[in-house]
Engineer: 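One structure follows; several queries about it will come next.
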2 protein chains.
Amino acid sequence: MITVADTFKALGDPVRLEMVQRLASGASYTVGGLSNGLGITRQGARKHLQVLTEAKLITLEPKGRETQVRLDRDSLETARSFITELERRWDKRLEALRDFVELEAPVKEDSTVPA
Amino acid sequence: MITVADTFKALGDPVRLEMVQRLASGASYTVGGLSNGLGITRQGARKHLQVLTEAKLITLEPKGRETQVRLDRDSLETARSFITELERRWDKRLEALRDFVELEAPVKEDSTVPA
DNA sequence: GCAATATGCAACCAATAAGTTGCATATTAC
DNA sequence: GTAATATGCAACTTATTGGTTGCATATTGC
């Protein structure tokens, strides 16, 4: 099975992140097109596409001589909501901590000014 | 400088992701506490903490004999908004594509039913 | 048909990462 | 003061990753 860690791992490389950005923003891309201007060989780029494919961040659809690369929104969505959930819990935890502190020292007066 | 790819890379490991989850949900953690129950040695865990620290996902604050581990919300936030932006562009792109198709074939009639 | 184009696959190499063991050191409990 | 605890650092091993070159193959343009 594919985990969230797999998704993050796939996104955790500058070349692959560049690829994903291109796909999100730009027009249609073939394998060859996506491999240009990355500073590595086509076969090197191909390996990155393989990683992205296994993480289900993209899908490759062969059509005749060339194969089209398509971004798959679902994995992105999963990764994003994972982080969102982490942040939610973290906020909740901080809130609970704050309440606790207030309970322990309910009326914190300014000790620098004598009554 | 630390990039978004660095953040994703740091999150892209099951052990580190587990650590981050614990920190987001649970109570206070020391280095030692966080290293338990991960199936690896303390020193192994320590390396993962180092990676998380370099990605600024956590901060280590030594206090006497032990050192406290604290989750840093900012990097999470950056990672999340990066994905959000990708999704936004992707949606926009699809929308534009749809408009284009409608323009090319404005009135798509049912060809299976002869007039 | 033939050349050019788009792609895939395998073998290999170097660098990085994940994990270990071993040892050193500082703080705390008693 | 001494023992136990919490941690850090370095060396080493193995697996994974990122990259390359070389070769094979299928589709398309003319």
Side-chain angles (χ1 to χ4, degrees), chain A residues 1-23 26-71 75, chain B residues 1-23 26-71 75:
Chain A
M1 197 47 202
I2 166 180
T3 65
V4 203
D6 292 329
T7 307
F8 284 132
K9 189 170 188 177
L11 292 174
D13 176 279
V15 171
R16 291 194 289 266
L17 209 51
E18 164 70 19
M19 285 173 158
V20 169
Q21 286 194 95
R22 285 190 193 178
L23 287 168
S28 184
Y29 276 102
T30 63
V31 165
L34 246 192
S35 304
N36 294 330
L38 294 172
I40 56 175
T41 62
R42 179 182 60 82
Q43 288 87 342
R46 182 56 235 251
K47 282 200 177 182
H48 286 295
L49 288 175
Q50 193 54 38
V51 173
L52 290 172
T53 302
E54 276 157 16
K56 295 207 190 302
L57 277 161
I58 62 172
T59 52
L60 302 179
E61 22 195 79
K63 189 156 278 184
R65 176 164 54 168
E66 43 190 36
T67 106
Q68 207 67 30
V69 185
R70 219 190 74 243
L71 188 62
S75 292
Chain B
M1 197 47 202
I2 166 180
T3 66
V4 203
D6 292 330
T7 307
F8 284 132
K9 188 169 188 175
L11 291 174
D13 176 278
V15 171
R16 291 194 290 265
L17 209 50
E18 164 71 19
M19 285 173 160
V20 169
Q21 286 195 97
R22 285 190 193 178
L23 287 167
S28 183
Y29 276 101
T30 64
V31 165
L34 247 192
S35 303
N36 295 330
L38 294 171
I40 56 176
T41 62
R42 179 182 59 82
Q43 289 86 341
R46 182 56 236 252
K47 283 200 176 181
H48 285 295
L49 288 175
Q50 193 54 38
V51 173
L52 290 172
T53 302
E54 276 156 15
K56 296 205 189 303
L57 276 161
I58 62 172
T59 52
L60 301 180
E61 21 195 81
K63 190 158 276 184
R65 178 165 53 169
E66 44 192 33
T67 106
Q68 208 66 28
V69 185
R70 219 191 73 243
L71 188 62
S75 292

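The structure displayed is predicted, hence computed values, not measured ones. Within every chain, numbering begins at 1; the chains are lettered A, B, ... in the order of the sequence lines, protein sequences first and strands thereafter.
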Engineer: Tabulate below the donor-acceptor pairs under 3.5 Å that side-chain atoms of residues 10-18 of chain A make, not counting sequence neighbours, or state none.
Structural biologist:
{"residue": "A/Asp13", "atom": "OD1", "partner": "A/Val15", "partner atom": "N", "Å": "2.8"}
{"residue": "A/Asp13", "atom": "OD1", "partner": "A/Arg16", "partner atom": "N", "Å": "3.2"}
{"residue": "A/Arg16", "atom": "NE", "partner": "A/Ala10", "partner atom": "O", "Å": "2.7"}
{"residue": "A/Arg16", "atom": "NH1", "partner": "A/His48", "partner atom": "ND1", "Å": "3.0"}
{"residue": "A/Arg16", "atom": "NH2", "partner": "A/Lys9", "partner atom": "O", "Å": "3.4"}
{"residue": "A/Glu18", "atom": "OE2", "partner": "A/Arg22", "partner atom": "NE", "Å": "2.9"}

Engineer: Nearest whole Å is fine: how far is D/dT17 C1' from A/Ile40 CD1?
Structural biologist: 12 Å

Engineer: Examine D/dG19: is either OP1 or OP2 under 4.0 Å from a nitrogen or oxygen in the side chain of A/Thr41? Give yes or no.
Structural biologist: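 No, no such contact exists.
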
Engineer: At under 4.0 Å between heavy atoms, what does B/Gly44 touch on the DNA or RNA strands: base, sugar-phosphate, or nothing?
Structural biologist: base

Engineer: Would you compute the distance between atom CD1 of A/Ile2 and atom OG1 of A/Thr7 and round it to the nearest 0.5 angstrom?
Structural biologist: 4.5 Å

Engineer: Kindly indicate whether the side chain of A/Gln43 and the base of D/dG18 share any N or O donor-acceptor pair separated by less than 3.5 Å?
Structural biologist: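 Checked by distance alone, the answer is no.
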
Engineer: Once you round to the nearest 0.5 Å, how far does CD of B/Gln50 lie from CD1 of B/Ile58?
Structural biologist: 8.5 Å

Engineer: Rounded at 0.5 Å granularity, tell me how far NZ in B/Lys56 sits from CD in B/Glu54.
Structural biologist: 9.5 Å

Engineer: Kindly state which residues belonging to residues 45-63 of chain B come within less than 4.0 angstrom of DNA chain C, counting heavy atoms of the residue only, listed by number.
Structural biologist: B/Lys47, B/His48

Engineer: Hey, does the side chain of B/Ser75 reach the backbone of B/Ala55 with a donor-acceptor pair shorter than 3.5 angstrom?
Structural biologist: yes

Engineer: Return yes if the base of C/dG8 and the side-chain atoms of A/Arg42 contain a donor-acceptor N/O pair under 3.5 Å, otherwise no.
Structural biologist: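 Yes, a donor-acceptor pair under 3.5 Å.
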
Engineer: So which of residues 7-16 of chain B are in contact with DNA chain C, with a heavy-atom cut-off of under 4.0 Å?
Structural biologist: B/Lys9, B/Asp13, B/Arg16

Engineer: Compile the donor-acceptor pairs under 3.5 Å between side chains in residues 30-45 of chain A and protein atoms, sequence neighbours left out, one pair per line.
Structural biologist:
{"residue": "A/Thr30", "atom": "OG1", "partner": "A/Gly33", "partner atom": "N", "Å": "3.1"}
{"residue": "A/Ser35", "atom": "OG", "partner": "A/Val31", "partner atom": "O", "Å": "2.7"}
{"residue": "A/Thr41", "atom": "OG1", "partner": "A/Gly44", "partner atom": "N", "Å": "3.1"}

Engineer: For a quick test of your reading: what N or O donor-acceptor pairs under 3.5 Å do the side chains of residues 60-69 of chain A make, sequence neighbours left out?
Structural biologist:
{"residue": "A/Glu61", "atom": "OE1", "partner": "A/Arg70", "partner atom": "NH1", "Å": "3.1"}
{"residue": "A/Gln68", "atom": "NE2", "partner": "A/Ser28", "partner atom": "OG", "Å": "2.1"}
{"residue": "A/Gln68", "atom": "NE2", "partner": "A/Tyr29", "partner atom": "O", "Å": "3.2"}

Engineer: Measure across B/Asp6 and B/Met1 and return the closest heavy-atom pair with its distance rounded to 0.1 Å.
Structural biologist: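 Closest approach of B/Asp6 to B/Met1: OD2-O, 3.9 Å.
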
Engineer: Which protein N or O atoms sit under 3.5 Å from an N or O of nucleotides 2-5 of chain D?
Structural biologist:
{"residue": "D/dT5", "atom": "O4'", "partner": "B/Arg65", "partner atom": "NH1", "Å": "3.3"}
{"residue": "D/dT5", "atom": "O2", "partner": "B/Arg65", "partner atom": "NH1", "Å": "3.4"}

Engineer: Would you mind reading off the distance between B/Gln68 atom CD and D/dA6 atom C1', rounded to a whole angstrom?
Structural biologist: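 Value for this atom pair: 12 Å.
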
